[in-house]
Amino acid sequence: MLFLNEPGKKVKAIGAVIFIIGIVIALLVLIASLLFEEPLLGFLAALLIVFLFWLSALSMVLIGQMGQDLQRQTQLLEKIAREAKSDEKTENVLT
């Protein structure tokens with residue numbers, strides 16, 4: 001199934017998209033606060049929103065990276081196991 005391939009890469013991409021969405025929301029809050037003449041409150045709210053979305057995106061990117069690393073480790077371990085099995089067969093034939 002194509003949509004299940006490379007889940008770590010997809011989680012990292014979703015994390016980036018979430019961060020961009022957070023920036024857009026923060027800008028909308030900032031604009032709305034300027035319209036309602038509360039620039040300081042809007043600025044603080046925008047900063048908080050960006051920080052929280054950044055933290056969320058960072059967590060998703062971390063999970064995605066761990067998924068990619070785990071997938072790569074699994075591939076390497078499978079390769080080592082195949083080579084060990086191949087060497088064992090060769091050793092048995094020679095003795």
Side-chain angles (χ1 to χ4, degrees):
M1 291 190 204
L2 186 61
F3 65 92
L4 294 177
N5 293 341
E6 299 185 33
K9 194 176 195 180
K10 290 180 176 115
V11 171
K12 287 171 64 174
I14 291 170
V17 169
I18 285 176
F19 182 63
I20 291 169
I21 290 170
I23 290 174
V24 170
I25 290 172
L27 287 173
L28 291 174
V29 166
L30 190 58
I31 291 169
S33 70
L34 291 174
L35 292 175
F36 291 109
E37 299 178 2
E38 289 291 337
L40 181 61
L41 183 62
F43 181 73
L44 293 175
L47 280 178
L48 181 64
I49 289 169
V50 168
F51 175 73
L52 292 176
F53 272 88
W54 173 76
L55 200 58
S56 172
L58 185 64
S59 300
M60 290 190 73
V61 169
L62 175 66
I63 291 169
Q65 185 64 48
M66 288 180 358
Q68 283 182 316
D69 291 346
L70 183 60
Q71 187 176 13
R72 179 70 178 138
Q73 289 173 359
T74 302
Q75 290 170 350
L76 290 173
L77 286 173
E78 287 171 348
K79 181 180 176 185
I80 290 170
R82 281 193 305 271
E83 289 174 358
K85 199 173 197 180
S86 174
D87 290 346
E88 189 177 286
K89 285 181 183 178
T90 304
E91 190 175 293
N92 288 338
V93 170
L94 293 176
T95 56

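Note that this is a predicted model, so its numbers are computed, not measured.
- No side-chain donor-acceptor contact under 3.5 Å links Ser86 to the backbone of Arg82.
- Between the NZ atom of Lys12 and the CG atom of Leu62 there is a distance of 10.0 Å, given to the nearest 0.5 Å.
- Between atom CZ of residue Phe51 and atom OG of residue Ser56 there is a gap of 11.5 Å, rounded to the nearest 0.5 Å.
- For the side-chain contact (heavy atoms from CB on, under 4.5 Å) criterion with Val11, the lone passing option out of Met66, Gln68, Met60, Glu6 is Met60.
- Under the 4.5 Å side-chain heavy-atom criterion for ILVMFWY residues, no single connected hydrophobic cluster contains both Ile20 and Val17.
- Within 6.0 Å of atom CD in Glu37, 12 or fewer heavy atoms from other residues, nucleotides or ligands are found, so the atom counts as exposed in its surroundings.
- Put simply, Ile21 and Leu58 are part of two different groups of oily side chains (I, L, V, M, F, W, Y) that touch within less than 4.5 Å, one to the next.
- The minimum heavy-atom distance linking Ile49 with Gly22 is given by the pair CG2-O, 3.7 Å.
- Here the straight-line distance linking atom CD1 of Ile80 with atom CD of Gln73 works out to 10.5 Å at 0.5 Å rounding.
- Between Leu41 and Ser33 the shortest side-chain heavy-atom distance does not fall below 4.5 Å.
- Val50 and Ile18 fall into different hydrophobic clusters, defined by Ile, Leu, Val, Met, Phe, Trp and Tyr side-chain heavy atoms under 4.5 Å apart, directly or through other members.
- Side-chain N/O atoms of Asp69 and Gln65 include a donor and acceptor closer than 3.5 Å.
- Both Leu27 and Leu52 sit in one connected hydrophobic cluster of ILVMFWY residues. Membership requires side-chain heavy atoms under 4.5 Å apart, directly or through other members.
- Of all non-hydrogen atoms in Gly42 and Val29, the two that sit nearest each other are O-CG1, 4.2 Å.
- The shortest side-chain heavy-atom distance between Ile23 and Phe53 does not fall under the 4.5 Å cut-off.
- Rounding to the nearest 0.5 Å places CD of Gln71 at 8.5 Å from CG of Asn5.
- A chain of hydrophobic side-chain contacts below 4.5 Å, direct or via other Ile, Leu, Val, Met, Phe, Trp or Tyr residues, connects Leu48 to Leu55.
- For Lys9, the NZ atom counts as loosely surrounded, since its 6.0 Å shell holds 12 or fewer non-hydrogen atoms of other residues, nucleotides or ligands.
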